[in-house]
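Below is one structure, written out as structure tokens, with a few remarks after it.
No hydrogens, no waters, no symmetry mates; every other heavy atom, side chains included, goes into these values.
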Amino acid sequence: MSAYQPWLSTPSQRPHPQPPPSNERTVRHEIWQRHEGDEWSAFEQLPPSIRQRLREHAYDAWSVNALILWRHYKRVHGPTRRAERALIRYLDYCERLEREAFATRYHSSYGTPLPHDAAVASILRYTPTNQASLCVNKPRRTSSGQHGSS
């Protein structure tokens, strides 16, 4: 048996392929499979509500994966608000799983709770803004009912 047979060799004997350069420093690769593709193109194909939720995701929600999920939810529910809500619920669930995995890994590595969890901090989300509150120099009414600048 002189021919190389990779299925017979032990994992330590096989050369390990180098992963592509990434700034990913989490345990996500142990939880999920990231599908390859054009992230921006995938993002643009999603409905606005899903794109908003991906922007709010605590971690990179991987647009290509989200598009694959969106296509599945459209087949199941049709291209409706119900499908969008179902996918958003699933993204929320995935985010909770990731946070739990990160917190567990952090605690096992450092012996303390994840600082974000220890502080009981919430994940920052976008909220609709009132356009009137964005006007910095908006004149206010005086006690006489007329507009004034202070």
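Residues satisfying the side chain to side chain contact (heavy atoms under 4.5 Å, CB included) criterion with Q45, sequence neighbours excluded, are S41, L67, R71. Not counting sequence neighbours, the partners of E39 by the side chain to side chain contact (heavy atoms under 4.5 Å, CB included) test are R34, S63, V64. The side chain to side chain contact (heavy atoms under 4.5 Å, CB included) check on R82 picks up H77, T80, R85, with sequence neighbours excluded.
Between T112 and Y106, the closest side-chain pair of non-hydrogen atoms falls below 4.5 Å. With a 4.5 Å cut-off on side-chain heavy atoms, S109 and R105 count as touching. With contacts defined as side-chain heavy-atom distances shorter than 4.5 Å, the pair H72/L87 does not qualify. You'll find the side chain of R51 reaches within 4.5 Å of the side chain of F43, heavy atoms only.
Residues L69 and Y93 share a hydrophobic cluster, clusters being chains of Ile/Leu/Val/Met/Phe/Trp/Tyr side chains in contact below 4.5 Å. Cluster annotation: I68 and W62 are assigned to distinct hydrophobic clusters (Ile/Leu/Val/Met/Phe/Trp/Tyr, side-chain heavy-atom contacts under 4.5 Å, transitive).
Residues A103 and D117 come closest through the heavy atom pair CB-OD2, 3.4 Å. Between A83 and Y73, the shortest heavy-atom contact is CB-O, 3.8 Å.
Between K74 and E84 there is no salt bridge, since none of the side-chain N atoms of the basic residue sits less than 4.0 Å from a carboxylate O of the acidic one.
The CZ atom of R89 lies 11.0 Å from the CG atom of L91; values are rounded to the nearest 0.5 Å. With rounding to the nearest 0.5 angstrom, the CD1 atom of I50 is 11.5 Å from the CZ atom of R55.
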Q: Give the C-alpha distance, both sets of side-chain angles, the deciding distance and a yes or no for side-chain contact (heavy atoms from CB on, under 4.5 Å) between E95 and E100.
A: CA-CA 9 Å; E95 185 179 66; E100 289 171 12; over 6 Å; no

